[in-house]
Amino acid sequence: MCRVEDAVLSLLQGCNSMQRLHKIHAHAVIHGLDLRPAVTAKLLSFCATSSAGDLSYALVLFSRLPIPATPHWNSLIRGFAVSPSPSFSISLYNSMFCSADCRPDAATFSFLLKACGRAATAEKSREVHGTIFRSGFASNLIVSTNLSRAYSDNGFVKDARKVFDEMPERDIVAWNSIIACYCRVGMHEEAIKVYRKMSAVGFGLDEFTVVGLLSSCAHLGALELGVWVHKLAVKNGFLKKNVFVGNALVDMYAKCGNLQQARQVFDQMPKRDIFTWNSMLFGLSMYGCGQEAITLFDQMLMAGIQPNDVSFLGLLMGCNHQGLADEGVKHFHLMSSKFAIQPDAKHYCCVVDMLGRAGRLEEAIKFVKTSPFLFDSVLWRAMLSACKIHKNVEFGELVMENLIKMSAYNAGDCCLLAGIYASIGDSNGVSKMRKMVKEQGMKTTPGWSCIELNGEVRKFVVDDNSHPEIEEIHDKIKEMIRRATSLGFAPEIEEWMENGVGIHSEMLAIAFGLMRTPEGMRLRITKNLRICKDCHLLTKLVSHAFGREIVVRDRMRFHQFESGSCSCKDYW
DNA sequence: ATAGGGTTAG
C-alpha cells in the first residue's frame, strides 16, 4: 500500500462533511486511488451512513464500482434502512442476492432486518428468516436479535418471542430487546414477567432494562416495583449518566400517583431534554394542575428548550383538566403563530374537549366544522362525550348522525349516546342503542382496573367472576353501596348493581383493596377507560365512609378522592 | 470490514 493511499484513508477517517469528502475524493482521483477497495469502502460508508453524508451521492459512487463487494452493499443497505425509504434497502439486497460476485454476511442481515421492520413488510421478514436459517446465521446473536425486532416492528409479537426463545444463547441486549418489544405493544405484565425470568437466570440490569421496566410500571401503576427499580438505578449510578433513566422515572412517578416524587426527580436531574420537560408537563396536566403546567412551559422556554407537538398536547390537556378554556385556546393559536408547529388531530381534539366540557357546545361544534380534521371521527367522538356531560340529546343525536354518515361509529359511541338517553330517562333511546350494538356485532373495549398489593399487580375486568375471592368482593361492594346510600348515593343508572352484573372493574379493585389493606391505607387504582359518573360518586362517598384516600388514574387523568370529594372538583 | 436494546403523546 502506498503512502498516498494511507494519507487518503486517514483523511477519510476524520472527514465530517460532504464538502470535505469531495475534496478528498478529488485528491484520490488525481492519484489514481479512487477505485482502491479500501478507499471506495470508506467513501461509501461515510456518504451512506454518516448523519452528514448524502445517500444519493453514495449511489453515484456505488454505480462507478466495477464489482461491488459485500461491505459496499452493506453500507448502502445500512444507510437506506434508516432513511425515509427503507424499502430501497430491500431492493438493494435483492440485487445483491442475485449478484454472482459476493454473498450477504451477518452485517447484511442485520441492516436488512432493520429495513424490514421500518418498511413494515412481514412477508419479507419471514422470507429473510428462512434465508438466515438456511445460511446458518440464525446462531448469530446479533442477527437473531435483529430478526426478533423485525417481527416485533411488524406487529408479530409471538414470532418475535419465538425467535428469542430459540436463540442458542442470550445476552443482556437480547433480553432488553424482547422486554422493549412487550413495552411497545402495551403487554406490560409480560414485560415484567420476562424481567423476572431474566433475573432468575442470573442477569442483572442496565440502563435499557431499567427504562423498559419503568415504562411498564408507569402503564400498570406499579409504584412499589417502580420504587425498587429507582433504588437500583441510583445504586448503579444510571441516573447520573443517562437522561433516559431520569425521564422514565419522572413519568413513572407521575403515572403512579406520586407527583411530588416526580417533581423531585425532575428537579434533581443533572441534564434535561425535551422528554424530561414533556413528561413533567403531562404529569402536572394529569393531576389537573393546568396553571402549574403553564408555568413549567414558560420555564422550559427560558431553559432554551424548543417545545414540540407533544409539549403542546400536555399543556392543552392541563388547561382542559383545570377548565382553563381561554388559556388553552390562546396557546392552541400560539402553536402555529409563534412556534411554527402545525396542530394535529389530537390538539384539535383537546380543544373540542376543552370547549365542550366547559359547556361551550355551539362553539365546539363550530370549531370542529371549521377544522382541517372535519372528517376525523375522533373530533366528533370528543364532541359526543361533551354532549354526554351536559346531557344534550339534540347535539348528541346530531353528532351520532355525522358519525354514521362517515361510517365511523363504534360501540363506544353507541354507549355514549345510550348514556345521554339514560341520563334524561329515555329508556327507548337506551334500548335503541343497545340493539344497534348487538345487531351489528360491534365490540366494546373491555374495561379493566389494576391494584398493586405487596408489589404484585392484580387486574380486574368488568363482570369477571373468576377470582377466587369473588364472593367476598361482592359482599364488600354491597357494604360500600349500603354505606354510600346512607350518605345520599343515588346512581344515574341503577341496574348495574343487581347480582354483581355490570359492576365496573374499579369497584372490584377498590373492594379488593379495602379487604386486603390495613385500615386507613391509601388505595391506588389504575384503569384503562374513563371513570363513569356513578363510580365517581360512589368512590367519593366510599372515601368518606371508609376513611380512605383513594387515587384512581383513568385514561385521561388522576382523581384523588378524600373525605367525600375529588381533586378534579367533579370536572372531568 | 461494517452489526443488536431504551423514555413522553395516541
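Computed from a prediction, not measured in an experiment: that's the story for all the values here. Letters A, B, ... are given to chains in the order of the sequence lines, protein chains preceding strands, and every chain is numbered from 1.
The side chain of A:R149 contributes an N or O atom lying less than 4.0 Å from OP1 or OP2 of B:dG6. Within the structure, every side-chain polar atom (N or O) of A:K255 is placed at least 4.0 Å from both OP1 and OP2 of B:dT7. For A:R184 and B:dG6, the shortest distance from a side-chain N or O to OP1 or OP2 is below 4.0 Å.
Residue A:A180 is in sugar-phosphate contact alone, with no base atom involved, counting any heavy-atom pair closer than 4.0 Å across all strands shown. When heavy atoms are screened at a 4.0 angstrom cut-off, A:D309 is found touching no nucleic acid atom at all. At a threshold of 4.0 angstrom between heavy atoms, the contacts of A:N146 are confined to the sugar-phosphate backbone, with no base atom among them. Residue-level contact check: A:I178 touches neither bases nor backbone, having no heavy atom under 4.0 Å from any strand. Residue-level contact check: A:F282 touches the backbone only, with heavy atoms under 4.0 Å from sugar-phosphate atoms and none from bases.
Comparing B:dT7, B:dT8, B:dG4 by their nearest atom to the side chain of A:I142 picks out B:dG4. In the set B:dG6, B:dA3, B:dT8, the nucleotide with an atom closest to the side chain of A:D251 is B:dT8.
An aromatic stack links A:F275 and the base of B:dT7, using centre distance under 5.5 Å and interplanar angle under 30°.
The pair A:K346-A:D309 does not count as a salt bridge, with every side-chain nitrogen at least 4.0 angstrom from each carboxylate oxygen.
At whole-Å resolution of the value, CG in A:N247 and P in B:dG6 are 15 Å apart.
Contacts of residues 208-229 of chain A with DNA chain B (heavy atom under 4.0 Å): A:F208, A:V211, A:S215, A:H219.
A:D344 contributes no side-chain N or O that forms a donor-acceptor pair with the base of B:dG10 under 3.5 Å.
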